[in-house]
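These notes are about the structure you will find just below.
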Amino acid sequence: MSGLAAAVRQRSTGAAPTADRAAAGGHSRLGALPLLALTAALGVLLVALGNNAARNGGGNAQLLFWGGLVVIYTPIAARLLSEGASREERLALGVLLGLALYLVKVVYSPTGFTLHDELATWRQTYDLLETGHPLSANPLVTGYAGFPGLESISAAVTQLTGLRIFIAGTLVIGLARALLMVGLFLFIESATRSPRAAGIGLALYACNPSFLYFDSQFGYESLALTIAVAILLLAGTWSARRTPRGDPNAAATVVGMAILAATLAITHHMSSYAVAGFLLLWALIVAVTVRPRPSWLDGPALPGGLVAAAGALWFAFEASHVTTTELGSVFEEAAESVLHLVTGQSGSKQLFQAAGQTNGTLARALGVASVIPLLAIIPVGLWRCWRGSERDPLWRALSLVAVFFPLTLLLRLTEAGTETSQRASEFVYVGLAFLAGLLLGELRWPRKGTGGALLSGGIATVATVVFVGGFIIGESPATRQPGGFLVGGETRSITPQGLAAAKFAAEVLPPGSRVLVDRPNSTLVSSYGRLDRVSGSIEGVPVVRVFFSPIFDTVDRRIVSDDRIEYIVVDRRLSHEVPVGGYYFEGSEARANRYKRPIPVQSLRKFNHVRGLSRIFENRAIAIYDTRGLLNP
Amino acid sequence: MAVGVAAALAAPPAWLQATLLLPLALLLPGYAIGAALFPPGTLSPGARAVQTFAFGVAAAGLGGLVLQIFVGLDRTAWVALLVGLTLAATAVAQRRRARGRWGASRRRPRFSRLAPASALALAVAAAVGGAAIGVAAQGAREQQSRQAFVSLWAVPAGDAAPGSLRIGVWNHGVRGRLRIEVGSEGKVLARLPVRLDAAGDWEATVSLTLAADAESVLVTLLRNNLAFRSVELKQGALP
């Protein structure tokens with residue numbers, strides 16, 4: 001037997017709880033699943049009612065919303081923490097939890113996509129349907145042009161079934177979510193040999209700040225997570241083989257891993273790099289700690305190499321430009337802001353506050369309280385994994401992933417680092433989920449008296465705080481629920497007036513026309529409207545200066561003509577208030593996150609009096625100007 | 001799969017098409033590839049479900065990338081790709097099973113028998129979940145319907161009708177008598193009644209004879225004889 005397989009077999013099995021032993025004997029039960037499915041569905045209904053109240057400005061909106069989330073999460077978490085559930089029940093509860101929380105996102109925007117990345121994916125899918133070819137440039141998210149996995153499967157579903165892209169995308173991501181939970185369960189169970197640990201791990205993974213909305217959106221990362229877990233499952237199976245030389249399915253397994261590595265590479269850059277990094281870290285620990293040292297072909301090095309090679313090849317031959325453009329700017333800004341913070345050049349971001357939107361005292365307390373248990377399990381988990389008797393390389397690798405969690409918290413102290421922290425959480429929480437499952441799964445509940453109930457209830461309460469607090473950390477107060485229009489409020493800025501402007505662009509204007517527009521309306525006119533948003537600067541002058549200048553001067557004329565801007569979309573509501581998200585047009589605009597007063601109304605009305613600018617669309621909130629008179633005087 | 005292919009190539013009702021072809025798009029290719037690579041007993045049911053989905057994405061993503069080099073990815077191409085991959089993978093799977101050289105023991109998936117009460121509870125839960133989506137959708141539509149506005153637009157009709165203007169009015173809940181006036185240099189060139197419900201679209205193409213030195217055309221939407229919205233086309237965008 002290889003040294004690696006021996007190390008794997010050293011994983012502690014412990015004394016399996018009664019229900020798990022029953023499950024092992026083949027007498028599986030669904031236990032409390034039907035009842036918890038009812039409570040979860042009720043929770044989703046409460047969230048939907050809360051969202052409707054928020055749309056109407058009702059006073060009980062938040063009570064219904066947060067109450068619904070707790071009704072969904074807490075009973076399932078309590079059951080997963082308990083000892084009484086069978087393996088089958090735990091797996092089903094994990095899927096139920098994932099799907100119920102996915103429905104929370106669905107009822108947020110049940111009639112169409114509203115998130116920026118979702119509309120960018122919609123545009124990418126639409127272009128594939130129209131042209132028959134993927135890899136087209138995307139005016140909203142640069143990276144999408146190089147990663148066609150999601151739009152390919154969505155386009156296939158749309159083409160074959162006749163369903164709208166919205167329905168097809170919702171189904172694809174919903175199925176991905178359900179199978180992500182299955183895959184994570186199996187992976188943690190395989191690592192810990194405990195279905196209870198796996199279920200607890202899922203309950204903790206659902207607490208990651210991105211789980212409710214960001215990872216549920218119609219975006220490439222949501223799909224990539226499931227493919228990543230599929231690779232981890234195969235890598236785990238590959239590494240745990242008892243007789244590698246006698247494995248009749250070895251070649252096919254390698255082919256399977258290669259196919260999935262290639263699929264992940266064409267679906268999402270960061271997921272591909274993260275999986276490669278993790279597998280190679282695991283392989284390094286194997287090489288350093290396992291004796292006799294196994295062949296690198298028999299362990300995680302092979303799947304890690306496949307994923308790394310696939311990612312590198314795709315980067316080299318197709319996706320280098322879009323990847324470096326998208327990731328480069330994100331990491332560069334994050335690194336710069338951290339450096340400024342450390343050297344004292346800038347202060348830290350105001351926590352729990354974003355451009356005038358502030359969390360209340362209770363929300364702040366929950367946010368802070370939610371990270372304490374997570375920070376606490378890291379040192380205990382590290383000790384367990386590195387000093388314990390098992391010496392499992394996979395345990396050690398997963399524990400090191402969890403170590404990144406405090407680093408992601410530090411990133412949240414900076415404006416630019418917050419986005420990196422948010423995106424990293426879905427990977428880092430795999431490590432935290434493993435540690436939580438490992439440690440809490442080994443706890444033995446008192447069987448008699450109220451002790452067990454109290455302990456279970458107490459830990460379920462802590463888990464609920466972690467869940468609620470994680471969501472508070474990950475989502476601005478302005479966008480947790482739908483509601484009335486907010487300037488610069490991402491989903492809260494998607495309105496019928498903007499949809500009408502996008503419809504006009506789609507039905508009347510030439511597709512691919514270059515347009516200057518604020519960020520929320522750009523998600524509409526560049527997706528449904530099929531126009532191409534213009535951003536950045538021309539000859540060192542930010543193009544958004546056109547909106548801020550009090551009069552339309554020669555600099556503005558030069559911006560329009562030099563950058564070949566064909567249309568300007570003006571949302572006059574921008575003058576009503578400062579942008580909730582911190583900026584009107586781009587995160588790099590001069591006063592981003594520092595607005596004290598809204599953009600002056602005169603700056604937005606000036607376009608009516610410009611010779612050569614024709615106002616061709618008007619619905620009082622939004623006007624669209626044709627610049628032909630400036631481009632071709 | 002034969003039923004699905006027939007449905008793909010024929011034109012059945014939308015609901016039937018979606019029902020029959022969703023498995024072809026999401027499940028069959030991935031399951032076949034998984035079966036070809038991992039014969040019975042080599043994967044647990046849960047792992048096989050995960051791999052089915054992942055290989056399904058592979059079939060569409062990787063297969064689509066290769067196929068689009070040669071042909072555009074339209075409906076026929078997708079059907080051909082996914083059916084072809086499914087059939088090829090199925091053939092490989094059957095051949096490997098016939099050889100039967102597997103060391104792992106066969107494990108059949110065990111599913112719990114549902115008690116009637118449990119089945120009822122799950123069905124009610126699904127119904128409540130569906131109702132939640134319906135409630136949310138209704139709320140979203142009501143919110144949108146509360147915002148009453150009209151969109152007015154005008155663009156040159158282009159080569160299809162030189163010298164003409166294409167004018168559109170899209171009503172989103174506004175009531176009243178609507179009409180259009182088109183003017184230039186202080187003169188009214190055209191008047192058009194707009195017969196439109198509170199929710200609906202109206203469009204017309206109007207031919208204009210402009211003065212040689214006309215600098216702009218003003219299109220005004222009047223509501224109950226009062227100016228309500230206007231758009232203005234200037235030099236460079238005149239018909």
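Throughout, a chain's letter reflects where its sequence line sits, starting with A, and its residues are numbered from 1. Note that this is a predicted model, so its numbers are computed, not measured.
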**Request:** Spell out, as yes or no, whether a donor-acceptor pair under 3.5 Å connects the side chain of R615(A) to the backbone of S230(B).
**Result:**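 Yes, the answer is positive, given that a donor and an acceptor are paired below the 3.5 Å cut-off.
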
**Request:** Would you check if the side chain of N619(A) reaches a backbone N or O of F149(B) as a donor-acceptor pair within less than 3.5 Å?
**Result:**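 Flag not set: sc N619(A) to bb F149(B) has no pair under 3.5 Å.
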
Residue part contacting chain B, namely of [X], when any heavy atom lies under 4.5 Å:
{"X": "P482(A)", "answer": "neither"}
{"X": "T253(A)", "answer": "both"}
{"X": "V47(A)", "answer": "neither"}
{"X": "L163(A)", "answer": "side chain"}
{"X": "V254(A)", "answer": "neither"}
{"X": "I616(A)", "answer": "both"}
{"X": "L499(A)", "answer": "side chain"}
{"X": "L46(A)", "answer": "neither"}
{"X": "N608(A)", "answer": "backbone"}
{"X": "A176(A)", "answer": "both"}
{"X": "L613(A)", "answer": "backbone"}

Heavy-atom distance under 4.5 Å between the side chains of [X] and [Y], does that happen here?
{"X": "E507(A)", "Y": "W153(B)", "result": "no"}
{"X": "F504(A)", "Y": "V155(B)", "result": "yes"}
{"X": "I227(A)", "Y": "F53(B)", "result": "no"}
{"X": "T226(A)", "Y": "V57(B)", "result": "no"}
{"X": "I622(A)", "Y": "S151(B)", "result": "no"}
{"X": "W78(B)", "Y": "V157(A)", "result": "no"}
{"X": "R611(A)", "Y": "E215(B)", "result": "yes"}
{"X": "Q147(B)", "Y": "Q497(A)", "result": "yes"}

Which atoms of [X] approach chain A - backbone, side chain, both or neither, heavy atom under 4.5 Å:
{"X": "T52(B)", "answer": "neither"}
{"X": "P156(B)", "answer": "side chain"}
{"X": "F228(B)", "answer": "neither"}
{"X": "V71(B)", "answer": "backbone"}
{"X": "L82(B)", "answer": "side chain"}
{"X": "F38(B)", "answer": "both"}
{"X": "D201(B)", "answer": "side chain"}
{"X": "Q144(B)", "answer": "both"}
{"X": "V150(B)", "answer": "backbone"}

To the nearest 0.5 angstrom, please state how far the [atom1] atom of [X] sits from the [atom2] atom of [Y].
{"X": "D626(A)", "Y": "E232(B)", "atom1": "CG", "atom2": "CD", "value": "13.0 Å"}
{"X": "L62(B)", "Y": "I266(A)", "atom1": "CG", "atom2": "CD1", "value": "4.5 Å"}
{"X": "L26(B)", "Y": "I153(A)", "atom1": "CG", "atom2": "CD1", "value": "5.0 Å"}
{"X": "R96(B)", "Y": "N249(A)", "atom1": "CZ", "atom2": "CG", "value": "4.5 Å"}
{"X": "Q159(A)", "Y": "L21(B)", "atom1": "CD", "atom2": "CG", "value": "11.5 Å"}
{"X": "Q51(B)", "Y": "L233(A)", "atom1": "CD", "atom2": "CG", "value": "6.0 Å"}

On a heavy-atom basis, which atom in [X] and which in [Y] lie closest, and how many Å separate them?
{"X": "L160(A)", "Y": "R75(B)", "value": "O-NH2, 3.1 Å"}
{"X": "A136(B)", "Y": "A48(A)", "value": "CB-CB, 4.1 Å"}
{"X": "L186(A)", "Y": "G46(B)", "value": "CD1-C, 3.4 Å"}

**Message:** I'd like to know which of A115(B), G56(B), G72(B) tops the heavy-atom pair count under 4.5 Å against chain A.
**Reply:**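 It is G72(B).
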
**Options V50(B), V128(B), I133(B), ranked by heavy-atom pairs under 4.5 Å with chain A, top entry** =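 Maximum pair count with chain A is reached by V50(B).
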
**Item:** For chain B, which residues of residues 37-44 of chain A have heavy atoms nearer than 4.5 angstrom
**Value:**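 Within residues 37-44 of chain A, the residues under 4.5 Å from chain B are A37(A), L38(A), A41(A), L42(A), V44(A).
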
